[in-house]
*Asks:* 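Submitted below is the structure of interest, expressed as structure tokens.
Owing to the predicted nature of the structure, the values given are computational and were not obtained by experimental measurement. Worth knowing before you read on, the calculation uses all heavy atoms, side chains too, and leaves out hydrogens, waters and symmetry mates.
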Amino acid sequence: MTTSASSSSRSEPLHWKVVVDAVDPHTQADFWGAALHYEPEDNSALIERLLAVGALAGEATVEYHGRPAFRDLVAVRHPDDPYDPETGTGLGRRLLFQRVPEAKGGKNRLHLDLHAGPERRKDEVARLTALGATVLREVSEPAGSWTVLADPEGNEFCVQ
């Protein structure tokens, strides 16, 4: 059912995911999965079905964490959120990394803020740099303090 903007009924919220372009989507998924304590999606059952019926070429797959995965797409999802057991696709909070040929250029137009809290920020920044992030700068303003970092492919994010 379609509702118009002038309708008095409340529209159903849309499901969404954040999609991140990446030169190496699997490495990015590993970094962000560890950074957020998210799980890599397991699409292996879907991939095996697609391979079996010839709907997916073997070159479109790689081995990832010991199972078949899409070569150019991989997602991580919140471990408590639901997922489709037929496809392994998350139905809640998730980040999808898609392969692109070029490296990041210029400033991000969108970034993630990770909320650790002032008491945990220093430890989280240390943990994230151990995973491969780079500290770009420390910010302290009347509105608050945070650390700006870059992930392994240079995408900026903040830890507050």
Side-chain angles (χ1 to χ4, degrees), residues 2-3 10-53 55-117 120-121 123-136 146-160:
T2 306
T3 60
R10 184 167 177 243
S11 297
E12 184 72 24
L14 295 173
H15 175 75
W16 57 271
K17 65 182 166 283
V18 174
V19 180
V20 180
D21 290 348
V23 172
D24 184 345
H26 299 89
T27 298
Q28 285 293 89
D30 284 342
F31 171 81
W32 282 103
L36 298 172
H37 304 288
Y38 276 31
E39 297 177 349
E41 290 183 352
D42 179 0
N43 306 118
S44 60
L46 171 63
I47 291 167
E48 289 170 355
R49 285 194 307 275
L50 294 172
L51 288 168
V53 299
L56 183 67
E59 305 82 55
T61 68
V62 295
E63 184 175 307
Y64 177 64
H65 295 285
R67 57 186 182 244
F70 292 108
R71 178 185 174 275
D72 295 328
L73 296 169
V74 62
V76 295
R77 65 176 181 80
H78 191 287
D80 296 336
D81 287 352
Y83 65 94
D84 180 348
E86 296 290 317
T87 65
T89 301
L91 303 172
R93 295 162 282 186
R94 60 195 291 255
L95 296 173
L96 174 71
F97 300 92
Q98 67 180 4
R99 185 178 309 280
V100 296
E102 69 279 349
K104 176 190 175 271
K107 184 173 179 347
N108 293 10
R109 296 294 302 224
L110 174 77
H111 70 267
L112 298 180
D113 281 351
L114 309 184
H115 296 269
R120 289 184 35 215
R121 184 164 51 103
D123 290 341
E124 281 299 310
V125 168
R127 184 180 73 83
L128 293 163
T129 56
L131 292 172
T134 304
V135 173
L136 299 178
W146 59 91
T147 305
V148 180
L149 298 99
D151 73 13
E153 288 198 8
N155 300 300
E156 296 177 24
F157 66 100
C158 299
V159 177
Q160 297 183 332

*Asks:* Please tell me if the side chains of N108 and F157 come closer than 4.5 Å, counting only heavy atoms from C-beta onward.
*Replies:* no
*Asks:* Just to verify, what does E153 make a side-chain hydrogen bond (donor to acceptor under 3.5 Å, both in side chains) with, not counting sequence neighbours?
*Replies:* none
*Asks:* For residues I47 and P68, report the shortest heavy-atom separation together with the two atoms involved.
*Replies:* CD1-O, 3.6 Å
*Asks:* CD of E48 to OG1 of T61: how many Å apart, nearest 0.5 Å?
*Replies:* 10.0 Å
*Asks:* Looking at CG of N43 and CG of L73, how far apart are the two atoms once the value is rounded to the nearest 0.5 Å?
*Replies:* 9.0 Å
*Asks:* With sequence neighbours left out, what residues match D123 under side-chain contact (heavy atoms from CB on, under 4.5 Å)?
*Replies:* none
*Asks:* Roughly how far apart are Q28 CD and L96 CG, rounded to 0.5 Å?
*Replies:* 12.5 Å
*Asks:* First locate atom CG of D84, then atom CG of L46, and finally report the distance between them rounded to the nearest 0.5 Å.
*Replies:* 9.0 Å
*Asks:* So which atom in E156 and which in L136 form the shortest heavy-atom distance, rounded to 0.1 Å?
*Replies:* CG-CD1, 3.6 Å
*Asks:* Name all residues meeting the ring pair (Phe, Tyr, Trp, His ring centres under 6.0 Å) criterion together with F70; count only those two or more places apart in sequence or in a different chain, and write none if there are none.
*Replies:* none
*Asks:* Any chance you could measure F31, atom CZ, to N155, atom CG, to the nearest 0.5 Å?
*Replies:* 9.5 Å
*Asks:* Any salt bridge (charged side-chain N to carboxylate O under 4.0 Å, His left out) pairs touching residues 100-114, not counting sequence neighbours?
*Replies:* none
*Asks:* Show the atom names and distances, to 0.1 Å, of all donor-acceptor pairs under 3.5 Å that link a side chain in residues 12-23 to residues at least two apart or in another chain.
*Replies:*
from, atom 1, to, atom 2, distance (Å)
H15, ND1, L91, O, 3.4
D21, OD1, Q98, NE2, 2.7

*Asks:* Do any N or O atoms from the side chain of R94 and from the backbone of D81 form a donor-acceptor pair under 3.5 angstrom?
*Replies:* no
*Asks:* Ignoring hydrogens and geometry beyond distance, is a side-chain donor-acceptor pair present between Y83 and D42 at under 3.5 Å?
*Replies:* no
*Asks:* Looking only at non-hydrogen atoms, find the nearest pair between E41 and G90 and report the distance.
*Replies:* OE2-N, 2.7 Å
*Asks:* For a quick test of reading the model, state the closest non-hydrogen atom pair linking A29 to V74 and the distance between them.
*Replies:* CB-CG1, 3.6 Å
*Asks:* Under 4.0 Å between a side-chain nitrogen and a carboxylate oxygen: does that hold for E124 and R121?
*Replies:* no
*Asks:* Which residues pass the ring pair (Phe, Tyr, Trp, His ring centres under 6.0 Å) test with Y38, not counting sequence neighbours?
*Replies:* H78
*Asks:* Heavy atoms only: give me the nearest G132-P152 pair and the separation to one decimal.
*Replies:* O-CG, 3.9 Å
*Asks:* Is there a donor-acceptor pair closer than 3.5 Å between any side-chain N or O of R127 and the backbone N or O of A34?
*Replies:* yes
*Asks:* Between the main-chain N or O of T27 and the side-chain N or O of D24, is there a donor-acceptor pair closer than 3.5 Å?
*Replies:* yes
*Asks:* Do the non-hydrogen side-chain atoms of L114 and L128 ever get within less than 4.5 Å of each other?
*Replies:* yes
*Asks:* Using 0.5 Å steps for rounding, measure from the CG atom of L36 to the CZ atom of R77.
*Replies:* 13.5 Å
*Asks:* Which pair of heavy atoms, one from L131 and one from A35, lies closest together, and at what distance?
*Replies:* CD1-N, 3.8 Å
*Asks:* Would you indicate whether the side-chain heavy atoms of V76 and F97 approach each other to under 4.5 Å?
*Replies:* yes
